[in-house]
Amino acid sequence: MRRDNQSSVSEFLLLGLPIQPEQQGMCYALFLGMYLTTVLGNLLIILLIRLDSRLHTPMYFFLSHLALTDISFSSVTAPKMLMNMLIFLLTSMAYDRYVAICHPLHYTTIISQSLCFLLVVVSWVLSSAGALVHTLLLARLSFLRGNTLHHFFCDLSTLLKLSSSDTTINQLVILIVGLAIVTLPFICILVSYGHIGASVLRRPSIKGICKALSTCGSHLSVVSLYYGAIIALYFVPSSNNSSDEDVIVSVFYTLVTPMLNPFIYTLRNRDIKGALRIILIIPQLCPL
């Protein structure tokens, strides 16, 4: 452990997951399998979208960036910025589904290529800015209470608990940035799906309801997984949660959810399944 001026901690010890020593071998194999599934599954989605021209649409443009973020999300040790990126991308995808269902005749005009590019750039910039603000504010704090973190990455709330400095400004910024990065996108998603629901109910039919569920089902599943984990981790009072429970919930949104995304978008999506079928058939029709 190094200390600046013999006082402030400059390195932290990550204790990792709350796993018994005799269970580490099994858990290592489990998490390795989850990670490989996440990387290969999301790489497959990116490959299919790139190779199949029928998937060169705004929805799959956002989906390819979501898959790229999922790969990065599971590959880094401090995924806070990427979690914010996911939230912005999910909001963009909700807006895309709203326009597709409520304004189908104007879809290609409203969701243009330039707008898609702008939404992705804004997602990257805002998520990076949020992470940069927290990093700069952490640099001004002193850590004299030890250097042991009961986590497998440098979670912001866990770091602040170790600080011996006044963290009022940090807590205030967390609240403000949290409202901007988590709450506002969530409200936008709810508004988009509120309009979708109202549009379907204005002319209710079995065909219309099935089409809306087919169009939005995958996105709704991913939104529920991400926001369910975020609410459980950040909006449930900390007095009711142990450190071990926080770590377990973090595992869910950093490893489990990115792993499930390829299955959600392939098993429930006819376009993706059709593209996968074509990719698998072409080598058989054109042998070397």
Side-chain angles (χ1 to χ4, degrees), residues 42 45-46 49 57-100 110-141 153-160 167 169-195 219-220 222-235 249-250 253-254 257-258 261 265:
N42 284 288
I45 288 180
I46 295 173
I49 293 173
T57 62
M59 180 61 184
Y60 295 106
F61 175 74
F62 294 132
L63 178 56
S64 64
H65 280 269
L66 182 67
L68 175 62
T69 307
D70 278 335
I71 294 172
S72 305
F73 202 11
S74 300
S75 301
V76 297
T77 56
K80 180 64 179 176
M81 181 192 75
L82 291 166
M83 186 185 74
N84 298 338
M85 174 66 184
L86 284 169
I87 293 173
F88 286 123
L89 282 175
L90 290 174
T91 306
S92 301
M93 294 170 74
Y95 177 68
D96 174 84
R97 296 299 83 198
Y98 155 69
V99 176
I110 298 174
I111 307 295
S112 62
Q113 185 176 2
S114 57
L115 178 61
C116 294
F117 182 76
L118 177 64
L119 289 174
V120 169
V121 169
V122 169
S123 298
W124 282 106
V125 170
L126 290 181
S127 58
S128 301
L132 178 61
V133 168
H134 289 309
T135 302
L136 293 176
L137 288 176
L138 276 175
R140 54 179 285 274
L141 300 180
F153 67 91
C154 292
D155 182 66
L156 184 59
S157 59
T158 308
L159 280 171
L160 292 182
T167 60
I169 295 178
N170 298 73
Q171 299 287 354
L172 180 61
V173 172
I174 289 175
L175 177 62
I176 295 172
V177 173
L179 288 173
I181 290 181
V182 178
T183 308
L184 290 180
F186 186 56
I187 292 174
C188 292
I189 292 173
L190 291 179
V191 170
S192 295
Y193 278 106
H195 282 288
H219 181 258
L220 277 174
V222 175
V223 168
S224 301
L225 287 171
Y226 276 116
Y227 274 97
I230 290 171
I231 290 172
L233 184 62
Y234 294 107
F235 290 89
V249 175
S250 297
Y253 76 74
T254 56
T257 304
N261 281 352
Y265 278 105

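The structure displayed is predicted, hence computed values, not measured ones. Side-chain atoms are counted along with the backbone in the values below, which use heavy atoms only and exclude waters and symmetry mates.
Taken from OG1 in Thr69 to CG in Asn42, the straight-line distance is 9.0 Å, to the nearest 0.5 Å. Here the SG-OH distance, from Cys188 to Tyr98, works out to 12.0 Å after rounding to the nearest 0.5 Å. Summarising the geometry, atom CG belonging to Leu172 is positioned 4.0 Å from atom CD1 belonging to Ile176; distances are rounded to the nearest 0.5 Å. In this structure, Leu141 CG and Leu160 CG are separated by 6.5 Å, a value rounded to the nearest 0.5 Å. For the atom pair CD1 (Ile174) and CD1 (Ile169), the distance works out to 12.0 Å, reported to the nearest 0.5 Å. Atom CG of Asp96 is separated from atom OG1 of Thr91 by 12.5 Å, given to the nearest 0.5 angstrom.
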For this session: Run the numbers on Asn170 and Arg140 for side chain to side chain contact (heavy atoms under 4.5 Å, CB included), then give the verdict.
Result: CA-CA 10 Å; Asn170 298 73; Arg140 54 179 285 274; 3.1 Å; yes
For this session: Applying side chain to side chain contact (heavy atoms under 4.5 Å, CB included), run through Tyr226 and Thr257 and close with a yes or a no.
Result: CA-CA 7 Å; Tyr226 276 116; Thr257 304; 3.5 Å; yes
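The two residues Ser64 and Ile46 come nearest to each other via the heavy atoms O-CG1, 3.8 Å. Scanning all heavy atoms of the two residues, the minimum distance from Gly130 to Ile181 falls at CA-CD1, 4.3 Å. Taking all atoms of both residues into account, the shortest heavy-atom contact from Phe117 to Phe61 is N-CE2, 4.0 Å. The heavy-atom pair separating Ser123 from Leu119 by the smallest distance is OG-O, 2.8 Å. Between Phe62 and Cys116, the shortest heavy-atom distance links the atoms CE2-O, 3.8 Å.
Considering only heavy atoms from C-beta on, Leu90 stays 4.5 Å or farther from Phe186 through its side chain. Inter-residue side-chain proximity for Leu63 and Leu66 is flagged as met; some heavy-atom pair is nearer than 4.5 Å.
Within 6.0 Å of atom CD in Gln113, 12 or fewer heavy atoms from other residues, nucleotides or ligands are found, so the atom counts as exposed in its surroundings.
A distance below 6.0 Å separates the ring centres of His219 and Tyr193.
No donor-acceptor pair closer than 3.5 Å links the side chain of Tyr60 to the backbone N or O of Ile45.
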